[in-house]
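Position 1 is the first residue of the sequence, and the numbers go up from there.
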Amino acid sequence: LRASADLVLPGRPLRGDAPLGPLVRRRMGDEVVRRMLDPMVAASRAGHVDELSARTAAPEIHAAAAAGGSLIRALRARQRAADPGSDLPPFLGLRGGMGALVDALAKDLAEAEVMTGRPVTALRRAGSRYELEAGGDTVRADAVVLAVPPPAAAALLEGPAPEASRLLTRVPFASAAVAVFVYPPGAVTVPPGGTGFLVPAIEGLALTAGAWYSAKWPHADPGDGSVVVRAFAGRAHDDPVVDAASDGELLDRLTGELGVVLGARAAPVEARLTRWSAALPEFRVGHDGSIDAAERALARDLPGVVVAGAGYRGSGLPDCVAQGREAARAL
């Protein structure tokens, strides 16, 4: 009932940015924020919903609020306009995994030199050009795209562009972990049509989300009745669960929590953990303004150097594709 009040509550169009949690709470109540918004955001964005920028972390909700009035009506209208009767499945992947995309892009760079395992340790101006120290060698360039997280860009820019460097250090990052479990035949039951589940923070679990991996992606089905489940942990930079626990401790905790959530009748027969340290950017209110200011300072001090990637204008694949194209246009 409280959520449906959004349909009749008056409201003025949102101007500027706003924290995501209070914005939705005013329209739809606290239960929607705690039970729906929080887990949906935690599954794809790090941070607390009451601190996250609506404009950057949830642009669809921000646009709906900017229209004024009901969020439900505005979001429905946007959905109909963007996807009129599409028969595409809700999830799409690539045969061979997402790494195939990187391999194809590298192969397509026929006239480029691709160097891997050569970390860039310094960037400096050399007349109208730039020099980068990479793996002990000096690489000269007319222009540079720093497609690295803001903390890495800030370290490289500390000397040649100190103001941009200072602004980029404001972006907080959270660590995450991904665990893959293989359950023996009959150990867990996959709901018909299900692809996974999200976990609200109020449950007090390290687990933030889970995916029925072998049901979601047919190529990942072992074919012997086993079920592959992918589990995720990591919410905000001040949540120590991922960084504080050892691999064994984190796997044990996720195994226990997952067993309860799934109603598992047997333990997994195989488990693998992958850590992503300081990998999830937290888009807090004012994030766009800080990035705008950093880009202006960078253009002033180092014309021909631009930034792009998950920590700047959105962390999804479409966001990063758009940023890559914009970086190319800018240069």
Side-chain angles (χ1 to χ4, degrees), residues 3 20-21 24 28-50 52 57-58 89-91 93 174-276 279-280 282:
L20 182 59
V24 176
M28 306 183 75
D30 190 54
E31 196 72 356
V32 166
V33 172
R34 296 195 305 161
R35 292 286 180 182
M36 293 181 66
L37 183 67
D38 168 77
M40 283 166 39
V41 170
S44 60
R45 304 278 190 267
H48 299 292
V49 290
D50 285 350
L52 287 174
F91 299 100
S175 295
V178 181
V180 179
F181 299 94
V182 180
Y183 286 88
V188 297
T189 302
V190 179
T195 59
F197 57 89
L198 305 174
V199 182
I202 57 173
E203 297 291 344
L205 304 182
L207 185 68
T208 58
W212 313 108
Y213 203 68
S214 52
K216 185 176 180 180
W217 306 114
H219 68 269
D221 187 348
D224 61 356
S226 300
V227 176
V228 181
V229 179
R230 205 176 191 189
F232 302 83
R235 291 185 185 273
H237 79 286
D238 56 356
D239 180 358
V241 65
V242 172
D243 290 324
S246 68
D247 287 3
E249 291 169 339
L250 192 54
L251 270 177
D252 286 345
R253 181 168 176 180
L254 290 174
T255 300
E257 293 178 355
L258 203 56
V260 173
V261 172
L262 301 179
R265 295 175 287 276
V269 294
E270 190 173 345
R272 180 175 297 176
L273 181 73
T274 303
R275 290 179 178 270
W276 299 92
L280 299 176
E282 297 183 33

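- Asp38 contributes atom CG, which lies 12.0 Å from atom CE of Met36 (distance to the nearest 0.5 angstrom).
- In terms of heavy-atom proximity, Leu52 sits nearest to Ala57 at CB-CB, 4.2 Å.
- Remark: His48 engages Asp238 in a side-chain hydrogen bond (donor to acceptor under 3.5 Å, both in side chains) (not counting sequence neighbours).
- A salt bridge (charged side-chain N to carboxylate O under 4.0 Å, His left out) check over residues 176-187, counting only residues at least two apart or in different chains, returns nothing.
- Legend: side-chain hydrogen bond (donor to acceptor under 3.5 Å, both in side chains) pairs involving residues 175-195, not counting sequence neighbours, sorted by first then second residue: Ser175-Asp243, Thr189-Arg265.
- Atom CD of Glu257 and atom CG of Leu207 lie 6.0 Å apart (nearest 0.5 Å).
- In terms of heavy-atom proximity, Ala220 sits nearest to Val228 at O-CG2, 3.8 Å.
- Among pairs with a residue in residues 174-193, none fulfils salt bridge (charged side-chain N to carboxylate O under 4.0 Å, His left out), at least two apart in sequence or across chains.
- Heavy-atom minimum distance, Leu198 versus Ala209: CD2-CB, 3.9 Å.
- Not a single side-chain contact (heavy atoms from CB on, under 4.5 Å) links Ala267 to another residue, sequence neighbours left out.
- In this view, Asp30 and Arg25, Arg34 satisfy the salt bridge (Lys or Arg N to Asp or Glu O under 4.0 Å) rule, not counting sequence neighbours.
- In this structure, Leu37 and Met28 have side chains that are not in contact, with every pair of non-hydrogen atoms separated by 4.5 Å or more.
- Evaluated for a side chain to side chain contact (heavy atoms under 4.5 Å, CB included) with Phe232, the options Val178, Val199, Leu254 yield exactly one hit, Val178.
- Among residues two or more places apart in sequence or in another chain, the side-chain hydrogen bond (donor to acceptor under 3.5 Å, both in side chains) test is passed with Thr274 by none.
- Residues in residues 198-217 take part in these side-chain hydrogen bond (donor to acceptor under 3.5 Å, both in side chains) pairs, two or more places apart or across chains: Arg35-Glu203.
- Leu250 contributes atom CG, which lies 5.5 Å from atom CG of Leu273 (distance to the nearest 0.5 angstrom).
- Under the side-chain contact (heavy atoms from CB on, under 4.5 Å) criterion, Ala271 pairs with Phe181, Leu251, not counting sequence neighbours.
- A donor-acceptor pair is defined here as one N or O able to donate and one able to accept, closer than 3.5 Å; such a pair exists between the side chain of Arg275 and the backbone of Val242.
- To the nearest 0.5 Å, atoms CG (Leu262) and CZ (Phe197) are separated by 5.0 Å.
- With sequence neighbours excluded, no residue satisfies side-chain hydrogen bond (donor to acceptor under 3.5 Å, both in side chains) with Glu270.
- Pairs passing the salt bridge (charged side-chain N to carboxylate O under 4.0 Å, His left out) check and including a residue from residues 179-192, sequence neighbours excluded, do not occur.
- When all heavy atoms of Pro184 and Val269 are compared, the closest pair comes out as CD-CG1, 3.9 Å.
- Nearest heavy atoms, Ala174 versus Glu282: CB-OE2, 3.8 Å.
- Identified under the side-chain hydrogen bond (donor to acceptor under 3.5 Å, both in side chains) test for residues 226-235, with sequence neighbours left out: Asp224-Ser226.
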